[in-house]
Amino acid sequence: MICSPFSSTINKQNNYFQGNGYTSPKSYNMQGHNVTNFTGNNLQFTEVEVYQVTEHVERQDETPWRKLPEVKQKVLKSELETYSPPGKLDHVNILLLGAVGSGKSSYFNTINSIFQGRITSVARSGSAEHSLTTTYRLYKIKSTDSRQPLKVRLCDTRGLEDGLNLDLSDLMAIIDGHLPDRFTFNPSVPIRPDIPGYKKNPTLNDRIHCIAFVVDSTAIDVFPDKILQTFKAVQHRVNVQGLPQVVLLTKVDKACEVVSKDVSQLFISSAIRDVVEKTGELLGLPRSHVYPVKNYEDELVLDDNVTIPALTSFVQMTRFADDFLNDCPDLDED
Ligand SMILES: Nc1nc2c(ncn2[C@@H]2O[C@H](COP(=O)(O)OP(=O)(O)OP(=O)(O)O)[C@@H](O)[C@H]2O)c(=O)[nH]1
Ligand SMILES: [Mg+2]
């Protein structure tokens with residue numbers, strides 16, 4: 001019922017309060033009554049009680065904003081363990097690119113831990129004034145049972161930072177496969193063909209087949225402009241090649257209190273849904289390419305709620321890389 005029987009102040013005259021507003025029942029089954037006989041055709045009230053609703057109950061909608069595949073961890077792992085790239089390729093290369101401290105090395109450690117069945121810390125991670133990762137690493141991940149390396153590698157780079165940034169030509173040298181494993185970055189020396197270890201004629205096997213922009217979900221509102229410009233410049237170059245790009249949105253536990261208490265709420269949290277949307281807009285990528293993940297960093301044991309989102313992101317990147325390679329004109333030449 002829509003009604004506003006009085007506004008401001010009304011005083012009792014004789015035995016009633018004289019209303020100064022109106023009643024207009026709407027969307028209500030009056031069962032044969034009308035306004036006139038319902039109100040007695042007047043706005044005279046013998047008693048007036050005013051209630052104010054003071055309690056605002058914050059209800060978290062329990063419907064997930066993203067549905068993950070309804071398969072067990074074992075199935076996701078097995079997809080990666082049995083994966084073979086098309087053509088004569090030995091492996092697929094996924095590049096982790098992001099700001100200093102965004103969680104690149106921790107993502108590799110997370111995926112490696114999942115396949116080792118225990119928490120591992122092969123890549124050095126932590127916080128430092130400048131990038132903790134100073135060496136380019138093409139990390140292999142061994143299958144849980146067979147101990148054979150997966151045919152998907154995670155390529156960990158030095159973090160981007162103001163002043164000591166790898167510039168666009170350095171990043172393109174990495175993407176085009178000119179850098180060997182364990183190449184030590186020297187921010188004051190650009191990557192050029194005359195530096196030791198530079199691969200002059202990289203094959204498709206050496207090239208990057210999917211780029212993962214690693215973004216700290218707590219930094220999205222104050223994302224450094226210089227790093228965004230670097231991302232955009234890379235995107236501009238690789239869009240021409242059709243190279244797939246995704247975002248790994250890390251540190252989701254820090255971006256939402258509910259998730260920090262219970263990681264199983266990741267795809268229910270509206271705060272995380274909003275960060276995913278903002279990140280997609282910032283990098284001009286569809287939301288379906290933005291993967292919120294919690295890296296293993298504080299845990300001593302594996303947890304399905306951490307493992308499944310991380311593994312899902314890894315499977316998706318591998319599938320995108322595979323799609324790219326299947327459509328790549330250079331595939332038959334390697
Ligand atoms: N709470 C939380 N901390 C994280 C997460 N991922 C990474 N960290 C922490 O963030 C810090 C930086 O992580 P790294 O993996 O070293 O980041 P990086 O991008 O490799 O950094 P550089 O190599 O220095 O560029 C470490 O202290 C990690 O423990 C996460 O999902 N949640
Ligand atoms: Mg690192």
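What you see is a predicted model; the values in this text were computed from it and never measured. When a ligand or atom number is given, it counts from 1 through the structure's own listing order.
Between His209 and Phe324, the angle of the ring planes lies from 30° to 60°, which puts this pair in the tilted group. Between Phe213 and Phe231, the angle of the ring planes lies from 30° to 60°, which puts this pair in the tilted group.
Annotation: side chain of Val214 is not in contact with side chain of Tyr107 (no heavy-atom distance under 4.5 Å). In this structure, Pro292 and Val276 have side chains that are in contact, with non-hydrogen atoms separated by less than 4.5 Å. At a threshold of 4.5 Å between non-hydrogen side-chain atoms, the residues Leu168 and Met172 count as touching.
Distances shorter than 2.8 Å separate the Mg ion (ligand 2) from the protein N/O/S atoms Ser105 OG, Thr133 OG1.
Tyr296 and Thr307 are linked by a side-chain donor-acceptor pair at a separation below 3.5 angstrom, with hydrogens and angles left out of the test.
A salt bridge is defined here as a Lys NZ or Arg NE, NH1 or NH2 lying under 4.0 Å from an Asp or Glu carboxylate O, and Asp176 with Arg207 fails to meet this definition.
Considering only residues two or more places apart in sequence or on other chains, Val315 meets the side chain to side chain contact (heavy atoms under 4.5 Å, CB included) condition with Leu76, Glu79, Leu80, Arg319. Scored by the side-chain hydrogen bond (donor to acceptor under 3.5 Å, both in side chains) test, Ser131 finds no partners at all (sequence neighbours excluded).
Within 4.0 Å of ligand 1, protein heavy atoms come from Ala99, Val100, Gly101, Ser102, Gly103, Lys104, Ser105, Ser106, Ser125, Gly126, Ser131, Leu132, Thr133, Gly159, Lys251, Asp253, Lys254, Lys294, Asn295, Glu297.
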